[in-house]
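Step one of this worksheet: look at the structure below.
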Amino acid sequence: MARVLITSAIPYINGIKHLGNLVGSQLPADLYARYLRGRGHEVLFLCATDEHGTPAELAAAKAGKPVAEYCARMWAVQDELGRGFRLSFDHFGRSSSPQNHALTQHFAGRLADAGLIEEAWEKQIYSKADDRFLPDRYIEGTCPNCGYDKARGDQCESCTIQLTPTELIEPRSAISGSTDLEVRETRHLHLKQSQLRMQLSDWIDSKTDWPVLTTSIARKWLNDGDGLQDRGITRDLDWGIPVKRGTEDWPGMEGKVFYVWFDAPIEYIACAHEWVAAGKGDDWKRWWRTDQGAEDVRYVQFMGKDNVPFHTLSFPATILGSGEPWKLVDYIKSFNYLNYDGGQFSTSQGRGVFMDQALEILPSDYWRWWLLSHVPETSDAEFTWEAFQQDVNKDLADVLGNFVSRITKFCRSKFGAVVPEGGFHGPREQALITDLQTRLGRYQAHMDAIEIRKAAAELRAIWVTGNEYLQSAAPWAAFKHDPQTAAAMTRFALNLIPFYAGLSAPFIPDTAQAMADAMGVPLAWPACAETALTALPAGHGFTVPDVLFTKISNDQRKAWQARFAGVRT
RNA sequence: GGGCCUGUAGCUCAAUUUGGUCAGAGCAGAGCGCUCAUAACGCUUUGGUUGCAGGUUCGAGUCCUGCCGGGCCUACCA
């Protein structure tokens with residue numbers, strides 16, 4: 001039995017996440033967590049909301065609420081939607097937690113003690129009308145290069161040239177439109193990541209089994225230009241973790257907070273502390289401190305590709321720089337993007353299907369199956385309603401659902417709702433057992449390697465074998481002249497249901513549970529096909545489950561296409 | 001501009017690590033079969049000069065060069 005720590009990239013607080021966000025980190029992380037638990041491993045699966053930063057403050061202002069109140073409410077919303085999608089977090093925390101405050105300040109203190117923090121004066125744009133400093137991209141103006149009048153202070157989206165805010169012609173606040181801006185000097189802390197460059201580079205080089213997407217992004221940042229750059233880790237904002245050096249005040253840093261990307265990854269650790277504080281566990285350092293029991297933990301992170309630099313470099317720099325034995329990530333699974341019907345999902349533009357809307361129209365298993373079996377592992381993937389309807393109807397309703405339906409109903413009509421007795425396994429059954437044992441091995445290998453699409457394809461192939469078996473065995477024909485043999489065939493086919501349920505649970509947990517319940521057995525991962533497929537004894541009662549998956553009709557699909565064609569209002 | 005990823009049957013993808021039965025699967029299409037089942041299932045089958053043009057090699061989807069298309073990142077959004 002192994003111990004595996006799993007974290008999903010923590011979703012930002014400023015709204016309900018769309019399916020692209022979901023499939024890029026939380027859903028695959030959940031799949032892996034459920035699989036490992038099923039295999040009997042000890043898992044700690046953590047996620048949280050990422051609550052700091054300018055966008056959170058602006059979202060709160062737009063909602064007309066104090067930012068703390070806004071975040072608390074949005075945390076509750078995201079927590080509920082996570083439950084709706086059956087995300088099996090051991091704890092869903094908040095980066096604004098007291099635990100994260102203390103831990104973030106602790107790390108800053110350790111880094112300062114190690115000589116890895118330096119203070120620097122910076123020139124920042126201040127908006128008097130908004131009464132705040134503005135990040136570069138929150139300043140708009142005319143591009144000095146191409147004349148585009150909505151260029152941002154970091155880059156012109158029209159001609160893609162890199163900009164600084166002071167280069168913009170007629171700059172204005174993107175928040176209020178005010179042109180009453182001025183450059184102010186402000187003092188900030190910088191993390192001297194450059195000093196850790198070789199250490200980080202060696203560490204990345206040692207990760208030969210990581211996806212190319214992960215290592216190539218890390219190497220780019222390590223080697224581009226002058227190499228890894230030092231990074232500001234503080235901001236002039238109200239909402240955030242106050243800058244402290246451990247528990248001590250930090251002279252000159254009054255009124256400032258840590259940069260959200262400094263405190264957000266630390267929340268992975270603090271979340272374990274929250275997990276204990278919530279009474280769900282009793283020793284969080286056993287998962288995070290290699291000197292206190294975590295030396296045998298395997299730590300796996302899941303994230304979209306946009307998050308990779310912070311997880312391969314910034315956060316490891318924080319940990320390595322602290323000089324303390326915190327657990328470093330062992331494997332990073334990163335994903336490309338899921339697009340929506342010819343364009344990108346967009347939270348800011350309200351484009352696509354959002355988690356709450358998805359659950360309004362269909363049970364979570366439909367979404368889980370489709371999204372996971374099409375997870376953007378090697379390149380960007382695309383969601384279309386036609387593909388969704390076609391794939392879900394075929395895979396879930398026809399292949400899996402109908403298999404359960406046909407065999408349970410056949411049995412009930414011929415033998416009653418009881419596993420029939422009589423007859424013996426023949427070569428056909430033995431051959432299928434052998435085949436399924438092979439497939440089980442392949443499926444597990446893909447899951448172990450977190451090759452999600454391949455795992456989904458193998459699982460589907462396993463479902464198909466049930467229909468193939470019934471077709472070739474044809475118990476309905478045997479029943480007419482040889483009821484004993486028909487009984488043995490039926491008993492064998494019924495045994496496939498709990499076998500399928502166990503294997504399918506990571507993908508479609510609700511349906512898997514319903515399958516196990518219908519057969520009157522606990523949901524369990526099969527140790528081997530031979531044993532699992534003889535588990536249901538003759539005389540064991542069962543119930544014919546309701547239709548597991550209702551098909552998506554063309555009318556439904558068209559209605560949803562129309563409903564989700566525009567932007568969310 | 002630079003870097004990285006990507007382009008394989010109508011569609012979604014596999015095979016690229018280690019060049020050699022590697023050109024495959026699912027869906028869609030066609031034909032046949034079955035009737036237990038959510039008009040579901042099974043079997044058979046039609047589709048590809050692997051974006052284009054060169055090169056290396058006994059042999060390239062796989063390696064090299066150039067070109068074309070799609071995507072991402074480029075450090076103060078997170």
Side-chain angles (χ1 to χ4, degrees), chain A residues 9-14 50 52-56 58 122 124-125 133-139 152-155 160-162 164-165 174 188 193 208-209 211-213 215-217 219-221 223-225 228-232 235 259-261 264 304-310 313-314 336-337 339 344 347-348 373-374 376-382 384 386-387 390-391 393-399 401-414 451 453-454 456-457 460-461 464 466-477 479 486 489-490 493 546-551:
Chain A
I10 62 178
Y12 200 61
I13 194 71
N14 69 339
D50 178 13
H52 300 135
T54 305
L58 298 180
E122 294 178 8
Q124 292 286 314
I125 307 295
F133 283 94
L134 296 177
D136 290 359
R137 74 161 44 197
Y138 282 95
I139 299 158
R152 291 190 320 226
D154 57 340
Q155 184 173 41
T160 74
I161 192 174
Q162 304 280 307
T164 60
H188 280 297
Q193 297 184 131
T208 54
D209 62 332
V212 178
L213 184 66
T215 52
S216 65
I217 292 173
R219 290 211 175 86
K220 161 77 169 165
W221 282 54
N223 302 321
D224 199 36
L228 186 62
Q229 300 298 297
D230 295 342
R231 194 165 180 119
R235 290 291 184 274
Y259 175 42
V260 55
W261 262 118
K305 55 186 167 186
D306 51 330
N307 275 324
V308 169
F310 304 99
L313 303 171
S314 305
N336 289 283
Y337 293 146
N339 291 319
Q344 291 193 340
T347 302
S348 58
S373 60
H374 293 79
E377 279 176 316
T378 53
S379 63
D380 291 352
E382 174 149 322
T384 65
E386 287 86 354
Q390 192 171 75
D391 295 340
N393 284 354
K394 192 69 185 175
D395 299 346
L396 298 181
D398 295 345
V399 174
N402 183 56
F403 168 75
V404 173
S405 182
R406 69 192 293 202
I407 187 57
T408 52
K409 286 179 180 172
F410 174 78
C411 182
R412 184 175 61 183
S413 72
K414 306 300 187 204
E451 294 269 12
R453 281 180 183 239
K454 289 178 182 173
R460 187 190 188 280
V464 166
N467 287 312
E468 290 171 344
Y469 171 76
L470 286 182
Q471 187 64 36
S472 69
W476 49 86
F479 183 76
M489 291 169 173
T490 303
D546 294 333
V547 167
L548 294 178
F549 295 99
T550 306
K551 291 207 212 190

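Proteins get letters first, then strands, A, B, ... in listed order; numbering begins at 1 in each.
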Just to be sure I understand the rule, does [X] reach a base, reach only the sugar-phosphate, or reach nothing, if contact means heavy atoms closer than 4.0 Å?
X: A/G401; answer: base
X: A/L548; answer: base
X: A/E386; answer: nothing
X: A/V260; answer: sugar-phosphate
X: A/A397; answer: base
X: A/F549; answer: base
X: A/T490; answer: nothing
X: A/R460; answer: sugar-phosphate
X: A/D306; answer: base
X: A/V399; answer: nothing
X: A/T550; answer: nothing

For the side chain of [X], starting at C-beta, report the closest nucleotide among [options].
X: A/K454; options: B/C77, B/U12, B/A15; value: B/A15
X: A/K305; options: B/C36, B/G71, B/U38; value: B/G71
X: A/N402; options: B/C4, B/U38, B/U12; value: B/U38
X: A/Q390; options: B/A28, B/U38, B/C36; value: B/A28
X: A/D380; options: B/C72, B/C27, B/C76; value: B/C72
X: A/W261; options: B/U38, B/G42, B/A78; value: B/A78
X: A/Q471; options: B/G33, B/C77, B/G71; value: B/G33

| For A/P475 against A/A486, the heavy-atom pair lying closest together | O-CB, 3.6 Å
| note | Residues A/A493 and A/Y469: closest non-hydrogen pair is CB-CE2, 4.2 Å
Using a 4.5 Å cut-off on heavy atoms from C-beta on, say whether the side chain of [Y] contacts that of [X].
X: A/F403; Y: A/L470; answer: yes
X: A/Y138; Y: A/P55; answer: yes
X: A/L548; Y: A/S405; answer: no
X: A/K551; Y: A/D398; answer: yes
X: A/N467; Y: A/R406; answer: yes

Return yes if the base of [N] and the side-chain atoms of [X] contain a donor-acceptor N/O pair under 3.5 Å, otherwise no.
X: A/Q124; N: B/C76; result: yes
X: A/E468; N: B/C41; result: no
X: A/D398; N: B/A40; result: no
X: A/W221; N: B/A75; result: no

Determine the interatomic distance between [atom1] on [N] and the same-named atom on [M]; round to the nearest Å.
N: B/C76; M: B/U17; atom1: C1'; answer: 39 Å
N: B/C72; M: B/C13; atom1: P; answer: 16 Å
N: B/C43; M: B/U49; atom1: P; answer: 28 Å
N: B/U74; M: B/A28; atom1: C1'; answer: 41 Å
N: B/U46; M: B/G10; atom1: C1'; answer: 12 Å
N: B/G20; M: B/C27; atom1: P; answer: 29 Å
N: B/G7; M: B/C11; atom1: P; answer: 14 Å
N: B/C22; M: B/G66; atom1: C1'; answer: 27 Å

| remark: RNA chain B nearest-nucleotide lookup for A/S413 and A/S379: closer to the 5′ end is A/S379
| request: Assign each of A/L396 and A/Q344 to its nearest nucleotide of RNA chain B by heavy atoms, then name whichever residue's nucleotide is nearer the 5' end. | output: A/L396
What is the separation between atom [atom1] on [X] and atom [atom2] on [N], rounded to the nearest whole Å?
X: A/L228; N: B/A75; atom1: CG; atom2: P; value: 13 Å
X: A/D395; N: B/C41; atom1: CG; atom2: P; value: 11 Å
X: A/R235; N: B/C76; atom1: CZ; atom2: P; value: 7 Å
X: A/K394; N: B/G42; atom1: NZ; atom2: P; value: 7 Å
X: A/F479; N: B/A37; atom1: CZ; atom2: P; value: 13 Å
X: A/N467; N: B/A39; atom1: CG; atom2: P; value: 14 Å
X: A/E382; N: B/C27; atom1: CD; atom2: P; value: 21 Å
X: A/D391; N: B/A28; atom1: CG; atom2: P; value: 9 Å

| task | Look at the aromatic rings of A/W261 and A/F310 and report parallel, tilted or perpendicular, splitting at 30° and 60°. | result | parallel
| note | Applying side chain to side chain donor-acceptor pair (under 3.5 Å) to A/E382 and not counting sequence neighbours gives none
Is the distance from OP1 or OP2 of [N] to the nearest side-chain N or O of [X] less than 4.0 Å?
X: A/R453; N: B/C13; value: yes
X: A/Y259; N: B/A78; value: yes
X: A/R137; N: B/A78; value: no
X: A/S472; N: B/C41; value: no
X: A/Y337; N: B/C73; value: yes
X: A/K551; N: B/A40; value: yes

| said: With the 90 degree cut-off around zero defining syn, does B/G59 come out syn or anti? | reply: anti
| query | Rounded to the nearest 0.5 Å, how far apart are OG1 of A/T54 and CG of A/N14? | reply | 11.5 Å
| Under the 5.5 Å and 30° test, is A/W476 stacked on the base of B/C36? | yes
| Carboxylate-amine/guanidinium proximity below 4.0 Å for A/R460 and A/D391 | no
| task | Answer yes or no: are there more than 12 heavy-atom neighbours, outside A/D546 itself, under 6.0 Å from its atom CG? | result | no
| query | What would the secondary structure line of RNA chain B be in dot-bracket form, counting Watson-Crick and G-U wobble pairs under 3.5 Å, with [ ] for pairs that cross earlier ones and | for pairs with another strand? | reply | (((((((..((((......[...)))).(((((.......))))).....(((((..]....))))))))))))....
